[in-house]
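For the numbers below, each heavy atom of this structure counts, side chains included, while hydrogens, waters and symmetry mates do not.
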Amino acid sequence: MVIISIVVIGCSAINQPDILEEPVDEAGPILAATSTEIKASATPLIAATSSKTAEPPTPDISPTHTQVPTIPPTEEIPATETPTSVPRDLALFPDGIWLYPVPSIYEGDLVTIQINPTVPEGMAPNDVDVSVLLDGEEIVSGNLNWRNLNGDASGLFQWVWDTDQSAGEHTLKAIVDPDDKIQIGDEDAGNNQAELTVIIRPTTGLPDLEANAAWVTVANNCCNIHVVSGTAAHRDLEYLIEQVDLAFSQASSALEEPLKDTYDVFLIDRVIGQGGYASNSMVVSYLDRDYAGSGIYEVLVHEAVHLIDRQFAPDRISFLSEGLAVWATGGHYRQENINQKMAGVVEGGLYVPIDIVADQIYSLQHEISYLEAASFLGYLIDRYDWDRVRAFYIDTGSDDAPTLAEAVNKNLKIHFDKTLSQIETDWMNSLSSQPRDRTAVSNLRTTIRYYDVMRDYQQEYDPSAYYLYAWLPPPLEAKEKEATADLTRHPETSANIALEVILLSAKEALVEGNYRRANAYLDSVERVLDNGGRFLDPLADSYLNIVRTARSNGYEVQQVNLLGNQAEVLATRYGELEITELTLELVDSSTWVLMR
C-alpha cells in the first residue's frame with residue numbers, strides 16, 4: 001500500500017530545540033527539567049540561555065530508528081514561554097535566535113543561523129549590523145538582510161556553522177548593532193545581545209536511514225527530480241516520475257507555453273510553509289503523514305506553473321501568479337469548480353475586496369485569498385481570452401504604481417479599458433449566475449477552519465513549518481553542499497504525531513463531505529492547543545495512546561481510522577519505509593493493545 005501525501009501549495013523554520021517529553025502532573029505539563037531543553041513555542045525558539053550544564057533528558061525516538069524505542073513517561077507538549085517585556089528600541093531576546101535544522105542538531109550538520117531582533121518602526125533593517133559569536137569567536141557578521149512573508153526583518157546566514165567534530169555543548173551569542181552606531185531608536189544598548197547554550201548531538205544518535213542519507217537524482221521528460229535516500233519520495237520515486245511529467249504537461253498546456261528548459265524538482269520529507277514553493281526550482285513536500293495537503297498532482301501542477309510562467313513574465317506579481325497557478329491546476333487543493341466555490345465565499349459573507357487581496361495576498365486568510373485570485377483571473381480569461389490576459393499578466397509589475405492594487409488597476413485600464421472596480425463588479429455579477437451547491441458553504445467554512453487550525457498547530461509546535469515564519473532553503477545549494485537535514489528532519493514527538501494524525505483524520509472527513517465529523521476532529525486539536533499541550537480531550541487522548549502503543553512496539557503511526565474500541569492504523573516500522581496495517585483494540589478506558 002502506498003500513502004501519497006503532499007502539502008499544498010503556495011508561498012513560501014528554525015532550529016527549534018527539541019520538544020522533549022518530561023513527566024507530567026495531572027494538573028498540567030511540567031516544563032523542562034534543565035535549561036538546555038528546547039521547547040516548542042508560539043514564537044519559533046531554539047534554546048534557552050543558561051550557564052548550567054546538564055545531561056539532556058532522553059529525546060523522543062527518531063523516526064527511522066532500527067531499534068524498538070523506549071517511551072518516555074509522557075509526550076505532552078510544554079507550555080509556551082514568551083519574553084516578559086517587548087522594548088520599543090532595537091533589542092534581541094534569546095528566542096530571537098533560530099537555528100536550523102530542526103528540531104535537533106547533530107555533529108556534521110551545516111547550521112543556518114537566523115537573528116530576529118525587535119526593530120523599531122521606521123528603522124531601516126539594512127542599517128542594523130549583526131555579529132554572531134560561537135564560543136567567543138565571531139563566525140559570521142552582516143546585517144538584517146532578509147524578510148519573511150510576515151514582513152519581519154532578520155539576519156539570515158545560511159549554512160555558516162559546520163558542526164563536524166563538534167559534539168557537545170556550545171555557547172552561541174548574537175549581537176545587533178555591535179559597534180553602537182545607531183543612536184536614535186537604540187537608546188538601551190544593554191538589550192542588544194542574547195546568548196544560547198546549544199547541544200550538538202553525536203552522530204551515534206542519528207537514525208540509520210538519516211545517517212546514510214544522500215541526494216538521489218533521476219531525469220524524466222521535463223525535469224531532474226531530486227529526493228533524499230531513505231524517504232517516502234525515494235520509496236515512491238517511480239510513481240512520482242510519472243506524476244511530475246503529467247503535471248508539467250498540464251501546466252504547459254494551460255499556459256500555452258512550451259517547456260523551454262530542464263526543471264529541477266525537489267521532493268522533500270517534511271512540511272515547510274504550505275508544502276510547496278518555487279523560485280528557479282521547485283520544492284514539494286511528500287511524506288506519509290501529511291497533515292497539511294491533499295493531492296500530489298495538484299501541488300505539482302501549481303508549482304510547475306510558477307516555474308513556467310517565469311519564462312514569459314519574470315516580473316509578475318504574486319496576486320496574479322498565485323491566481324494563475326490555482327486556475328491552471330483546476331483548484332487549490334483538489335480539482336473543483338473554482339467559480340462555484342467562489343460564489344460560496346460571497347454567499348457566506350467571507351468576501352475580501354479584490355484590491356486588498358491584490359496588495360496582501362499572503363497575509364490574508366490563505367484559502368480565501370488564493371481562491372479569489374484564481375476566480376478573478378479566470379473571469380478575465382473567460383471574458384477576454386488568454387492572449388489578452390497574458391499580455392496584461394506580463395505587463396503588470398510592482399514598479400508600475402505605489403501599490404500592487406494600483407498597478408493592477410493601471411494595467412486593466414490599458415489592456416481592457418476598465419478599472420479594477422469595474423472589473424470587480426462585472427465579476428461579482430457573473431458569480432451570481434453560478435448554480436448553488438447547498439454544501440458549498442459548509443465545505444468552504446470547514447476547509448478554511450481546517451487550514452487555520454493546522455497553521456495554529458504549526459505556530460505552536462512545528463513553527464519552522466509555518467508559512468509566515470518559514471525559511472525556505474534554496475534546494476540547489478542544499479544539494480551542492482550535500483545538506484539533507486533541512487529538508488527532511490522535523491519534530492516527531494508522540495504529541496506531534498498524535499496531533500498530525502488527528503488533522504489527517506479531519507482532512508479525510510472533509511474530503512468525504514462529512515463536515516460534522518471533520519469539525520469534531522478539529523475541536524479535539526483545538527482543545528489540546530488551548531490547554532497548553534495537555535491531552536485532556538478524550539478523542540485526542542485516544543490518539544496519543546494509540547501512537548504510544550504503536551511506538552512501544554517499534555512503529556511510527558502515519559494514519560488512524562478510529563472505529564469505536566478498535567483502531568485501524570497505517571504505520572511504518574522504525575528504520576523501514578514499508579507501510580504496515582495494524583489493528584489496535586481498547587481494553588479499558590485508556591489502554592490500547594496491538595492485536596496484529
Side-chain angles (χ1 to χ4, degrees), residues 2-10 213-269 272 274-288 290 293-314 316 321-322 324-335 381 386-387 390 393-394 472-480 482 484 487-488 577:
V2 173
I3 296 181
I4 298 164
S5 57
I6 277 300
V7 196
V8 192
I9 265 174
W215 287 103
V216 176
T217 300
V218 297
N220 64 359
N221 294 326
C222 67
C223 307
N224 291 320
I225 301 172
H226 311 275
V227 301
V228 174
S229 63
T231 63
H234 189 210
R235 177 195 64 205
D236 299 339
L237 190 51
E238 183 176 349
Y239 166 79
L240 291 168
I241 290 170
E242 178 186 7
Q243 292 299 296
V244 169
D245 249 341
L246 291 172
F248 272 82
S249 178
Q250 177 174 328
S252 173
S253 177
L255 301 186
E256 299 178 11
E257 177 74 9
L259 304 180
K260 298 179 180 178
D261 203 351
T262 298
Y263 306 90
D264 287 289
V265 176
F266 290 78
L267 298 162
I268 67 172
D269 203 46
I272 299 181
Q274 294 299 123
Y277 61 93
S279 53
N280 60 341
S281 57
M282 174 201 300
V283 178
V284 170
S285 299
Y286 185 91
L287 59 160
D288 288 324
D290 162 36
S294 292
I296 174 64
Y297 182 74
E298 283 75 19
V299 72
L300 288 170
V301 176
H302 184 110
E303 301 303 339
V305 170
H306 287 328
L307 293 183
I308 296 168
D309 73 346
R310 289 177 183 271
Q311 297 174 174
F312 60 86
R316 78 283 193 274
S321 68
E322 298 297 357
L324 184 65
V326 175
W327 171 83
T329 301
H332 193 180
Y333 298 107
R334 61 188 66 86
Q335 298 297 306
I381 295 169
W386 169 237
D387 286 340
R390 177 188 171 108
Y393 187 87
I394 293 170
L472 309 178
L476 288 169
E477 189 174 349
K479 184 173 183 292
E480 180 182 347
E482 299 182 353
T484 59
L487 299 171
T488 57
L577 293 172

Write down the atom of [X], the atom of [Y], and the distance for their closest heavy-atom approach.
| X | Y | answer |
| --- | --- | --- |
| Ser281 | Pro475 | OG-CG, 3.2 Å |
| Leu577 | Ala232 | CD2-N, 4.3 Å |
| Ala325 | Val305 | CA-CG1, 3.8 Å |
| Pro473 | Tyr277 | O-OH, 2.7 Å |
| Tyr263 | Ile308 | OH-CG1, 4.2 Å |

Is the closest side-chain heavy-atom distance between [X] and [Y] below 4.5 Å?
| X | Y | result |
| --- | --- | --- |
| Tyr286 | Gln243 | no |
| Val228 | Trp215 | yes |
| Val218 | Leu237 | yes |

Calculate, to the nearest 0.5 Å, the distance between atoms [atom1] and [atom2] belonging to [X] and [Y] respectively.
| X | Y | atom1 | atom2 | result |
| --- | --- | --- | --- | --- |
| Leu255 | Leu324 | CG | CG | 5.0 Å |
| Ile296 | Asp290 | CD1 | CG | 9.5 Å |
| Asp264 | Leu476 | CG | CG | 4.5 Å |
| Leu307 | His302 | CG | NE2 | 10.5 Å |
| Asp236 | Asp288 | CG | CG | 7.0 Å |
| Glu303 | Ser279 | CD | OG | 10.0 Å |

Working note: Asp261 + Arg310, criterion salt bridge (charged side-chain N to carboxylate O under 4.0 Å, His left out); need CA distance, chi angles, decisive distance, verdict. CA-CA 11 Å; Asp261 203 351; Arg310 289 177 183 271; over 6 Å; no
Just say parallel, tilted or perpendicular for the rings of Trp386 and Trp327, cut-offs at 30° and 60°. parallel
Parallel, tilted or perpendicular: which one describes the rings of His226 and Phe266, with boundaries at 30° and 60°? parallel
Between Ile225 and Leu240, does a side chain to side chain contact (heavy atoms under 4.5 Å, CB included) hold up when you go through it step by step? CA-CA 9 Å; Ile225 301 172; Leu240 291 168; 5.6 Å; no
Who pairs with Asp269 by salt bridge (charged side-chain N to carboxylate O under 4.0 Å, His left out), at least two apart in sequence or on another chain? none
Restricting to salt bridge (charged side-chain N to carboxylate O under 4.0 Å, His left out), what partner residues turn up for Glu477, sequence neighbours left out? none
Under the criterion side chain to side chain contact (heavy atoms under 4.5 Å, CB included), I'd like the reasoning laid out for Ile272 against Leu487: C-alpha separation, chi angles, the key distance, then a yes or no. CA-CA 8 Å; Ile272 299 181; Leu487 299 171; 4.2 Å; yes
With distance as the sole test, does [X] use its side chain to make a donor-acceptor pair with the main-chain N or O of [Y] at under 3.5 Å?
| X | Y | result |
| --- | --- | --- |
| Gln250 | Asp245 | no |
| Arg390 | Ala313 | no |
| Ser252 | Glu257 | yes |

The side chain to side chain contact (heavy atoms under 4.5 Å, CB included) partner of Cys223 among Ile241, Leu300, Val244 is Val244
Begin from the C-alpha positions of Asp309 and Tyr393 and carry the test side chain to side chain contact (heavy atoms under 4.5 Å, CB included) through to its verdict. CA-CA 10 Å; Asp309 73 346; Tyr393 187 87; 2.5 Å; yes
Between the side chains of Glu298 and His332, is a donor N or O closer than 3.5 angstrom to an acceptor N or O? no
